[in-house]
Novice: 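Take a look at the following structure, please.
Reckoned from all heavy atoms, side chains included, excluding hydrogens, waters and symmetry mates. These figures come from a predicted structure and were not determined experimentally. Residues: numbered from 1 along the sequence shown.
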Amino acid sequence: MITLTLKDGRTLSVEAGSTCLQVAQGISHGLARNALAAEVNGEVVDISTPLTDDAALSILTFDDEGGRLAFRHTAAHVLAQAVLRLYPGTKLAIGPAIKDGFYYDFDSETVFTPEILEKIEAEMGKIVSEKLDIQRFTLSRDEALKLVADDPYKVELIEELPSDEVISFYKQGEFTDLCAGPHLPNTGGLKANALRLTNCTGAYWRGDSSKKMLQRIYGTCFPKKAELDAYLERLEEAKRRDHRKLGKELDLFMLRDEGPGFPFFLPNGTTVKNQLIDYWREIHRRAGYQEIGTPIALSRHLWERSGHWGHYEKNMYTTMVDDADFAIKPMNCPGSILIYESEPRSYRDLPFRTGELGLVHRHELSGALHGLMRVRCFTQDDAHIFLTPDQIKDEIKNVVSLIDEVYGLFGFPYHIELSTMPEDHMGEKADWDRATDALRDALEELGKDYIINEGDGAFYGPKIDFHLQDCLGRTWQCGTIQLDFQLPERFELEYIGPDGEKHRPVMIHRVVFGSIERFIGILIEHFAGAFPTWLAPVQVRVLPITDRAREAAQVVYETLEQSGVRAETDFRNEKIGYKIREAQVKKIPYMLVLGDREVENGQVSVRTRSGGDQGAMSVEQFLSQIKAEIQARA
């Protein structure tokens with residue numbers, strides 16, 4: 001007999017050799033029915049895996065990430081099998097499960113058009129209905145190479161493995177694939193009516209533009225058709241909210257071939273950006289930050305000293321100035337450090353909080369560029385805080401409170417991840433442990449829930465990441481707090497302590513928006529372009545019904561503008577219904593309609609973009625209402 005420790009802390013004694021599925025059946029028939037994989041001592045394995053020793057065991061369902069990945073990884077294999085059945089001779093590359101589904105990369109003479117995707121999807125349904133058993137087996141490296149000799153992509157993957165590696169494969173019917181797993185016990189664990197191929201794109205082998213372009217088929221699947229339908233509906237809603245589409249329709253920004261990855265902000269988008277910047281400056285002044293500005297390009301020796309040249313050079317743009325190497329800054333921190341060290345500092349000066357809206361440049365692969373979400377230049381709302389070690393907890397709490405305030409304003413819930421030391425890091429482990437403990441203690445004292453993200457810290461220190469959730473349930477990593485003992489050491493930063501001696505400060509790197517450009521992209525999609533009134537590029541459009549109301553409409557427009565409300569007029573010779581609909585399409589929060597009656601009574605008829613008629617009121621009354629809304633950033 002062996003002893004198993006379950007997720008809830010209970011222990012079970014079972015016969016050695018029992019499979020994870022048999023254990024699930026002994027716990028609950030419902031659990032066994034929904035079991036997709038298992039986690040044994042922290043490793044996700046097939047649900048059919050036998051248990052031979054005492055272990056910690058979790059049975060994984062679709063509600064667990066490991067269960068979802070096994071479910072969708074199986075679908076990826078079914079996709080590959082269907083393609084080979086329909087188009088023999090196709091070469092297989094890789095086919096992983098991903099967050100919302102799966103994909104497989106193919107080298108095929110057949111172009112996978114939407115019509116062909118429908119055929120492949122139908123064939124996948126047949127494979128599901130065949131309920132083929134899925135069996136895992138292992139081979140030596142040489143045996144594995146013989147098995148995949150006709151597939152150059154699999155050969156390349158195997159040749160990169162150590163010579164003594166035992167290599168696993170999965171077989172279902174006539175189909176066999178190189179794979180680490182895990183998978184479902186048989187293809188019938190999928191549901192044909194809850195499976196959908198979504199699109200096909202090009203993808204370079206191994207993401208390398210110098211290698212062959214393959215065809216990548218994406219798909220998704222769920223345990224129930226209703227879940228698939230809900231997901232597809234969210235996808236359609238996401239398309240309607242796509243910030244690239246809305247950015248063009250609302251004249252917010254543009255992207256040009258002359259500057260791939262370098263967005264151009266149009267007047268409307270610049271207004272939104274400036275409103276965010278004004279808000280950023282307001283809350284940072286209140287929180288005791290001093291705004292600074294640092295150069296966009298600095299000499300190579302500075303980036304070598306900071307460690308960026310060694311750890312980040314491939315993402316940096318470089319140039320020559322007076323025959324010396326310079327780099328365009330990918331981050332603002334070295335410039336902030338130079339400002340700190342520009343004069344002697346005392347413990348009485350700390351925390352020394354600097355904030356910078358710094359334009360940074362980072363080289364991204366062209367295939368990774370995506371509207372405002374992934375660009376090559378962006379404005380980082382950076383702050384660097386220099387402090388004593390005993391100020392860390394309080395300062396972390398202050399930053400978390402600031403981030404709370406900002407995300408709350410936009411209605412974003414969020415979750416927190418604490419990322420620890422990566423393999424490629426600077427400094428001693430003892431310093432990393434001290435920094436990580438400080439972040440953990442601050443979060444726990446604040447009562448914040450968080451998860452550990454092992455090995456994903458910055459190369460100079462651990463960090464707290466804030467993942468906000470938009471109205472479609474998607475998460476975006478925006479805010480971050482990074483605790484750094486390394487750069488103060490590398491730059492030999494100092495302050496005079498109360499003992500009159502020199503001490504080394506600690507440094508906090510933090511952003512709230514992250515990238516202002518990316519944050520605007522998130523806001524566009526979150527609000528579907530219908531920004532809150534305080535952010536809207538145009539807050540009011542004045543609409544005369546006839547030419548007789550034109551003079552009064554002009555007076556109303558001038559009154560709004562003089563009061564600080566962003567307004568415009570529509571004097572075109574069009575029907576009022578058309579003007580109203582067009583203003584709604586442009587997502588303008590308020591429309592003021594003036595006809596003969598309104599002119600006679602000295603009023604305006606107020607409508608909202610959602611179609612709400614707020615009735616007639618005086619201009620003064622409307623001004624009072626909208627200015628209160630703008631002031632409150634409601």
Side-chain angles (χ1 to χ4, degrees), residues 276 279-290 333 336 347 349-356 380-422 427 429-458 460-470 473-488 505-515 519 522 526 633:
L276 285 174
Y279 171 59
W280 183 92
R281 286 190 165 122
E282 178 186 314
I283 60 176
H284 282 75
R285 279 195 300 269
R286 174 161 37 89
Y289 289 80
Q290 301 178 67
C333 27
S336 297
Y347 72 95
D349 302 320
L350 307 183
F352 178 61
R353 305 181 185 99
T354 64
E356 178 175 12
Q380 197 167 46
D381 69 313
D382 241 334
H384 294 98
I385 306 167
F386 302 87
L387 63 164
T388 66
D390 61 357
Q391 293 171 332
I392 291 174
K393 284 185 188 178
D394 286 342
E395 200 61 26
I396 295 295
K397 292 177 184 178
N398 290 339
V399 175
V400 172
S401 296
L402 188 70
I403 292 174
D404 259 334
E405 177 183 341
V406 173
Y407 292 174
L409 177 69
F410 297 103
F412 288 126
Y414 65 82
H415 74 267
I416 294 173
E417 292 184 3
L418 174 57
S419 300
T420 60
M421 184 177 73
K429 184 177 183 301
D431 288 337
W432 277 82
D433 290 343
R434 187 157 55 107
T436 304
D437 288 344
L439 293 181
R440 182 185 291 110
D441 291 348
L443 288 175
E444 290 179 354
E445 287 188 19
L446 285 166
K448 295 289 185 182
D449 294 327
Y450 63 93
I451 60 176
I452 298 291
N453 190 1
E454 293 287 356
D456 199 43
Y460 46 76
K463 60 179 181 170
I464 298 171
D465 287 331
F466 296 79
H467 298 260
L468 59 83
Q469 180 178 310
D470 68 13
R474 301 171 300 183
T475 56
W476 308 89
Q477 195 272 305
C478 290
T480 187
I481 305 171
Q482 301 170 354
L483 189 54
D484 184 359
F485 287 85
Q486 307 305 323
L487 287 183
V506 181
M507 185 176 179
I508 291 175
H509 310 247
R510 53 112 289 214
V511 293
V512 180
F513 296 138
S515 153
F519 198 78
I522 294 168
H526 181 62
R633 295 192 173 96

Novice: Of all the heavy-atom pairs spanning Ile385 and Pro351, show the shortest one and how long it is.
Specialist: CG2-CB, 3.9 Å
Novice: Which heavy-atom pair separates Trp432 from Pro422 by the least distance, and what is that distance?
Specialist: CH2-CD, 3.5 Å
Novice: Minimum heavy-atom separation for Leu409 and Tyr279, please, with both atom names.
Specialist: CD2-CZ, 3.5 Å
Novice: Considering residues at least two apart in sequence or located in another chain, which fulfil the side chain to side chain contact (heavy atoms under 4.5 Å, CB included) criterion with Pro413?
Specialist: Gln469
Novice: Can you measure from OG1 (Thr388) to CG (Asp349) and round to the nearest 0.5 angstrom?
Specialist: 12.0 Å
Novice: Gln380: what forms a side chain to side chain donor-acceptor pair (under 3.5 Å) with it, not counting sequence neighbours?
Specialist: none
Novice: Would Gln391 and Val506 count as a side-chain contact (heavy atoms from CB on, under 4.5 Å) if you check the C-alpha gap in whole Å, the side-chain angles of each, and the deciding distance to 0.1 Å?
Specialist: CA-CA 9 Å; Gln391 293 171 332; Val506 181; over 6 Å; no
Novice: List for me each residue that meets side chain to side chain donor-acceptor pair (under 3.5 Å) alongside His467, sequence neighbours excluded, and say none if there are none.
Specialist: Glu417
Novice: Who are the ring-ring contact (aromatic ring centres under 6.0 Å, His included) partners of Trp476, not counting sequence neighbours?
Specialist: none
Novice: Can you tell if the side chain of Phe466 reaches within under 4.5 Å of the side chain of Ile416, non-hydrogen atoms only?
Specialist: yes
Novice: Name all residues meeting the salt bridge (Lys or Arg N to Asp or Glu O under 4.0 Å) criterion together with Arg474; count only those two or more places apart in sequence or in a different chain, and write none if there are none.
Specialist: Asp470, Glu525
Novice: So Arg510 and Glu395, do their side chains get closer than 4.5 Å, heavy atoms only?
Specialist: no
Novice: Which distance, rounded to the nearest 0.5 Å, do you find between the CD1 of Ile392 and the NZ of Lys397?
Specialist: 12.5 Å
Novice: With heavy-atom distances below 4.5 Å as the criterion, would you say the side chains of Leu402 and Asn398 are in contact?
Specialist: no
Novice: Nearest 0.5 Å please: distance from the CG atom of Leu468 over to the CD1 atom of Ile522.
Specialist: 5.5 Å
Novice: With a 4.5 Å heavy-atom cut-off, do Tyr289 and Trp280 have their side chains touching?
Specialist: no
Novice: Does the side chain of Phe485 come within less than 4.5 Å of Pro462's, by heavy atoms?
Specialist: no
Novice: Can you measure from CG (Leu439) to CG (Leu483) and round to the nearest 0.5 angstrom?
Specialist: 5.0 Å
Novice: Can you tell whether the side chains of Arg434 and Asp431 come within less than 4.0 Å, N to carboxylate O?
Specialist: yes
Novice: State which residues pass side chain to side chain contact (heavy atoms under 4.5 Å, CB included) with Ser419; sequence neighbours excluded, sorted by chain then number.
Specialist: Asn453, Asp456, Lys463, Asp465
Novice: Can you tell me how far the CG atom of Asp433 sits from the CE atom of Met421, to the nearest 0.5 Å?
Specialist: 7.0 Å
Novice: Looking at Asp449, I want to see if its CG is surrounded by more than 12 non-hydrogen atoms of other residues, nucleotides or ligands under 6.0 Å.
Specialist: no
Novice: According to side chain to side chain contact (heavy atoms under 4.5 Å, CB included), who are the partners of His384, at least two apart in sequence or on a separate chain?
Specialist: Asn332, Cys333, Ser336, Thr354, Asp382, Phe386, Met507, His509
Novice: Kindly determine whether Cys478 and Tyr407 satisfy side-chain contact (heavy atoms from CB on, under 4.5 Å), including the steps that lead there.
Specialist: CA-CA 10 Å; Cys478 290; Tyr407 292 174; 3.3 Å; yes
Novice: Mind checking what makes salt bridge (Lys or Arg N to Asp or Glu O under 4.0 Å) contact with Asp394, not counting sequence neighbours?
Specialist: none
Novice: Sequence neighbours left out, what passes side chain to side chain donor-acceptor pair (under 3.5 Å) with Gln486? Give chain and number order.
Specialist: none
Novice: For Tyr347, which residues count as a side chain to side chain contact (heavy atoms under 4.5 Å, CB included) partner, sequence neighbours excluded?
Specialist: Tyr495, Pro498
Novice: Can you tell if the side chain of Ile464 reaches within under 4.5 Å of the side chain of Val399, non-hydrogen atoms only?
Specialist: no
Novice: Going through the distances and angles, do Ile283 and Arg286 end up as a side-chain contact (heavy atoms from CB on, under 4.5 Å)?
Specialist: CA-CA 5 Å; Ile283 60 176; Arg286 174 161 37 89; 3.1 Å; yes
Novice: Would you please classify the geometry between the Phe519 ring and the Phe410 ring as parallel, tilted or perpendicular, with 30° and 60° separating the classes?
Specialist: perpendicular
Novice: If only atom types and distance count, is the side chain of Asp484 paired as donor or acceptor with the main-chain N or O of Ile508 below 3.5 Å?
Specialist: no
Novice: What pairs with Asp404 under side chain to side chain donor-acceptor pair (under 3.5 Å), at least two apart in sequence or on another chain?
Specialist: Tyr414, Lys448
Novice: The criterion is salt bridge (Lys or Arg N to Asp or Glu O under 4.0 Å); which residues satisfy it with Glu444, sequence neighbours excluded?
Specialist: none
